[in-house]
Amino acid sequence: MGIPEVDPTAGSPMLRIGARLTSPKPVRWALKHVAHRIDRPLLRLSNGRLSSAMVTPEVLLIHTGARTGKRRTTPLTYFTDSGRVIVIASNYGGSRHPAWYFNITANPRVTLSAGGHTGDYVAEEVTGEERARLWRLACEFIPSYAGYEQLAGDRTIPVIAFTPAP
């Protein structure tokens, strides 16, 4: 058993509704600055089954700080592809990459936890045609990602794949 599979092509009316509800700027601000503080304990207490996002599958990314060396925990929306866990470093369309991105770039060995499973994984940024394919899947799965790309300006939003550690 591993991280629960999430098919980004399955489609969900709840995801489409959630994307519309989370696209206004004040809602994005609240998600970026408040929701993750609620999600950490909520996901831990529910064994990875409940988060403030409610309509999107969440994984807890446990990573090591690039500068501090301290362990950090970040809840992220994810989907799966060919046995990999895929996340988007959107930072809600911000002009900079999220802090966790720099941490996993410096320290790619991480722990992921979701749906009652916790395991060690290795992070890798996906590039080229594979990034383009996964980005299309991500935008189909979470329509607000397309808007985030516009908001990010010149920043290319990274697509990260986590594979089980050997």
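Numbering of residues begins at 1 and proceeds along the displayed sequence. These numbers come from a predicted model, not from an experiment.
A pairwise comparison of heavy atoms in Pro164 and Tyr121 identifies N-CD2, 3.5 Å as the closest pair. In this structure, Gly69 and Thr64 approach most closely via the heavy-atom pair O-CG2, 3.5 Å. Among all heavy-atom pairs drawn from Ala146 and Cys139, the shortest one is N-SG, 3.7 Å. Among all heavy-atom pairs drawn from Thr118 and Ser113, the shortest one is OG1-OG, 2.9 Å. Taking every heavy atom of both residues into account, Thr73 and Leu60 meet most closely at CG2-CD2, 3.7 Å. Residues Thr80 and Pro4 share a closest heavy-atom pair of CG2-O, 3.8 Å.
Considering CZ of Phe79 and CD1 of Ile3, their distance stands at 15.0 Å, rounded to 0.5 Å. Taking OH of Tyr78 as the start and CD of Glu58 as the end, the distance is 9.5 Å to the nearest 0.5 Å. Expressed to the nearest 0.5 Å, how far OG1 of Thr163 lies from CZ of Arg84 amounts to 8.5 Å. Separation of atoms CD (Glu140) and OH (Tyr145) is listed at 13.5 Å; rounding is to 0.5 Å. Rounding to the nearest 0.5 Å gives a distance of 12.0 Å between CZ of Arg72 and CG of Asn107. To the nearest 0.5 Å, atom OG1 of residue Thr111 and atom CG of residue Asp120 are 4.5 Å apart.
Proximity of Phe141 to Thr9: side-chain heavy atoms (C-beta onward) are nowhere separated by under 4.5 Å. Contact annotation: the side chain of Asp81 approaches that of Leu134 to within less than 4.5 Å [non-hydrogen atoms, C-beta and beyond]. Side-chain contact between Ile88 and Ile157: present, with at least one pair of heavy atoms (C-beta onward) separated by less than 4.5 Å. Put simply, the side chain of Thr156 reaches to within 4.5 Å of the side chain of Arg131, judged on heavy atoms.
No more than 12 heavy-atom neighbours from other residues, nucleotides or ligands sit within 6.0 angstrom of CD on Glu124.
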Show the numbers, then the answer: is there a side chain to side chain contact (heavy atoms under 4.5 Å, CB included) between Ile104 and Arg109?
-> CA-CA 7 Å; Ile104 66 163; Arg109 191 173 180 100; over 6 Å; no
Would you sort out whether Val59 and Thr77 count as a side chain to side chain contact (heavy atoms under 4.5 Å, CB included), showing the intermediate values?
-> CA-CA 6 Å; Val59 64; Thr77 298; over 6 Å; no
From CA spacing to verdict: side chain to side chain contact (heavy atoms under 4.5 Å, CB included), Leu112, Leu61 = CA-CA 5 Å; Leu112 297 180; Leu61 167 64; 3.7 Å; yes
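In this structure, Asn91 contributes its side chain and Arg96 its backbone to a donor-acceptor pair below 3.5 Å. Asn103 contributes no side-chain N or O that, together with a main-chain N or O of His63, makes up a donor-acceptor pair within less than 3.5 Å. Under a 3.5 Å cut-off, the side chain of Arg155 and the backbone N or O of Gly94 do form a donor-acceptor pair.
Tracing side-chain contacts under 4.5 Å through hydrophobic residues (I, L, V, M, F, W, Y), one never reaches Ile62 starting from Tyr101; they form parts of separate clusters.
Between Tyr148 and Tyr92, the angle of the ring planes goes over 60°, which puts this pair in the perpendicular group of the 30/60° scheme.
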